[in-house]
Colleague: 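Below are the structure tokens for one structure; questions will follow.
Letters go in sequence order (proteins before strands), and every chain restarts at 1.
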Amino acid sequence: LRDVYRHFPFHPGPGWADLHVDIDRARGLRRWLRPQVVFRCDGQHPFDPFPADSPLPLVEWGANWLIGQRCNDHLLFHAGVVERDGHALILPALPGSGKSTLSAALSLRGWRLLSDEFGALDPANDRLRAVLKPVALKNESIEVIRRWAPDAPIGPLFPKTRKGTVAHLAASPDAVARRHEPALPGAVVLPRWQAGAATQWRRLAPEEVFRALAFNAFNYAVLAEDGFRAAVRIARRCPAWQLVYSELDQAAELLAGEWPAACAEADAGSTADAPPASADRPSAAGASASAAIASSPR
Amino acid sequence: MNPSSDDRWHWLAALREPELAARWSLGEWERVIRLARRLRLLGRLAEALASAGLLDAVPEPAARHLVGERRRARFRTRGLTWAAERVATALGDAAYPRVLLKGAAYIAQELPIGRGRLPSDLDILVPRESIADAQQRLKAAGWREPMLDDHDRRYYHEWSHEVPPMRHRDHGLELDLHHNILPPVARVKVDAALLLAAAHPLRGTAWRGWHVLGPLDQVLHSATHLFHDADLTDRVRDLADLDALLRAGAAREGDAFWPALAARARETGLTAPLALTLWLLPPWFGTPIPPSAQRAAAASGPGRLSRGWLLPALRQVLTPTEPDADPAWARRPAAALLGLRYQLTRMPLTLLVPHAWHKWRHGSDGAMKWDDAPRPMKVGDLKKRAPDRAP
């Protein structure tokens, strides 16, 4: 834990914490026979125990689950988020997208990591908040990132977990130091890794972005109208592309090259429809946005 | 172990008087949020603060949790309201009354305790002779029963006060169709006809076609549901419901409320749960119960002997463990005793022994299986949806 959270300040005593998790050896017979570890939060055990040799994946996976369940003060896109020049690049997770790999790779080349899992949008001000944790790399991604940055701070390998082999990439000192600093949404890019493919960069329509964001969000239905309006605002404001790639270098280079223009476009869009002062209050901007989405061809 | 002897439970009063929360330090907020979330009271606290206009005064990190949980509660409540609408349509013009129970009833009546709940099932009551018809209509509307073996089928048919829980692929919650509030083989036999006779229709368009129990019966049912359940761990929410129902009753009917409640308890045979409620509530919630009402309840409630172990055991099990603490050592024996009492009051030994034997031989993981598992919403996968149903 100390290894993959190496740059985070240690927080021993009193003071606010949003999440309290506790991991302990299972008791009774399980202490001796195929030992297990148990995850506990606020006196409850929401999950089945894990084998004792992989406590870190259990902590990370359990904490993510709790964040997805509880943090309904934000709209939680299932997405990797990195920031550059004050603007956030949202990488929604579609199956096989490799958003964790791409987020990790970018975070090692001049982008600030906000999260590899949660695009946490505060619907009251349309800022993305960092949900900074170590990046969970799975299977081949571990080797890809090792090759990408040979000195990347990757923690121990945990083979044969529920999701295959897992290892965790520690967040950089800069990302940790700025973890309370939110970012303006800049652009949405739907990544798709495809073996041997030439790099492709295709502009997406707002309704495609809306679908990718809203229907993959952890708590879109929980936020109801607030969630709908927030997703519509992002889909309208942020320019969006689909990125098909097989070579990380080319993808990273392309993103860095396109970034200033994308940010300028997002800034121009954001002056057109500012977020409502209060998320509870219906706004004219939101109403016209919903009409636009409803009437757009599928 | 008496809750009144320390101030760990003063925060419960804030459910009723949210102004009290204004004095809490951030450390207190942290503890309250962790406890209240586990006890399923966080949404209610959030709604209480919001209706007093105090949500904005809560320190920022705590307020985020309150806002988030309020959203979750409203989401679940929307789900319940929608399911109830669909069930009402499915039952259509059937001539018998259909009564909303517990959470659904509180929500439909717009009681303060109906706000901020996290309903995970919809409980309804119909006359026993109409239950087959109700089941049939619901099945036609897409509600499905779990897959059961013959023993379970017989269990529900002959010994239970409800039919097997039903699910619908459009709905995340479970539908529990009851014909009584206690099993017909339980030691206390409740005449459901008495309850149905006192039920009254709801006004207002959103809940057209539904009834709720009479106000006294709502108190008695809430108490019965709590004290006739197998596991009382973290059931402070049910005590909070009872506190609010009693206060509302006393405010509505004045001094006449308590004798009327006692009389109704004798009539329905539910004197024991009422007595336990009246004994247990004041130290937790400061419920203003007149001594005469407590004396009357004591006279017809459990005898001195069973009270001697029952009350301490209930207090032990109902006292929530602190978020970071291990459960008190006395919890286990207390819970075991209450579990035994639960089994014995629920069915006679002549039924219990064969039932336990069957369950032991055939194994029961406690999880119901449906032949058509609920289809996940939209693109979201089941994994993402299922946890929200977990308590």
Side-chain angles (χ1 to χ4, degrees), chain A residues 13-22 24 27 38 40-48 61-62 64-76 78 92-95 120 122-124 129 162-163 180 211-227 278-280, chain B residues 25-40 42-43 46 50 55-56 59-79 118 172 233-234 320-327 376-381 383-391:
Chain A
W16 184 267
D18 284 316
L19 209 60
H20 305 73
V21 305
D22 179 31
D24 201 1
R27 295 179 191 188
V38 186
R40 187 169 80 154
C41 172
D42 300 345
Q44 284 181 314
H45 304 98
F47 315 114
D48 290 340
W61 182 70
N64 279 346
W65 185 84
L66 289 168
I67 291 169
Q69 284 291 300
R70 292 179 169 189
C71 296
N72 296 317
D73 52 325
H74 287 71
L75 177 58
L76 299 172
H78 190 192
L94 300 172
D122 186 343
R129 201 187 170 94
R162 214 170 291 189
K163 293 186 172 174
H180 294 303
R211 280 205 297 274
L213 288 174
F215 298 155
N216 280 303
F218 289 93
N219 57 358
Y220 175 67
V222 175
L223 266 72
E225 199 180 333
D226 289 347
S278 155
D280 288 336
Chain B
S25 68
L26 207 53
E28 283 170 295
W29 266 115
E30 195 176 25
R31 171 176 173 267
V32 167
I33 281 177
R34 298 177 69 187
L35 264 174
R37 190 195 315 272
R38 197 178 83 212
L39 301 176
R40 302 169 78 82
L42 187 56
L55 206 48
D56 291 337
E60 196 267 338
R64 282 194 278 113
H65 288 262
L66 291 164
V67 168
E69 186 76 352
R70 183 164 71 138
R71 284 213 173 101
R72 197 156 83 97
R74 290 187 171 185
F75 167 65
R76 295 269 203 106
T77 304
R78 281 196 302 276
L118 295 167
T233 307
D234 288 345
T321 306
E322 289 294 304
D324 288 323
D326 287 322
M377 270 165 77
K378 303 269 162 60
V379 202
D381 57 11
K383 181 198 86 203
K384 230 187 276 174
R385 208 159 107 83
D388 202 47
R389 296 190 28 79

Colleague: Is it the backbone or the side chain of B:A73 that comes under 4.5 Å from a heavy atom of chain A, or both, or neither?
Modeller: neither

Colleague: A:H74: which residues meet the ring-ring contact (aromatic ring centres under 6.0 Å, His included) condition with it, sequence neighbours left out?
Modeller: none

Colleague: Quick one: pull up CG in A:D226 and CZ in B:R71 and give me the separation to the nearest 0.5 Å.
Modeller: 5.0 Å

Colleague: Give the minimum heavy-atom separation between B:R78 and A:A221, together with the two atoms involved.
Modeller: NH2-O, 3.1 Å

Colleague: Under 4.5 Å heavy-atom distance to chain A, tell me which part of B:I33 shows up: side chain, backbone, both or neither.
Modeller: side chain

Colleague: So, for B:R72 and A:Q69, which heavy atoms are closest and what is the spacing to 0.1 Å?
Modeller: CD-O, 3.7 Å

Colleague: List in chain and number order the residues that pass side-chain hydrogen bond (donor to acceptor under 3.5 Å, both in side chains) with A:D73, two or more places apart in sequence or in another chain; answer none if no residue qualifies.
Modeller: none

Colleague: Does the pair A:R40/B:D326 count as a salt bridge with the N-to-O cut at 4.0 Å?
Modeller: yes

Colleague: Heavy atoms only, distances under 4.5 angstrom: which of B:A62, B:P59, B:P320 has the most pairs with chain A? Name it, please.
Modeller: B:A62

Colleague: With rounding to the nearest 0.5 Å, note down the distance linking CZ in B:R38 to SG in A:C41.
Modeller: 10.0 Å

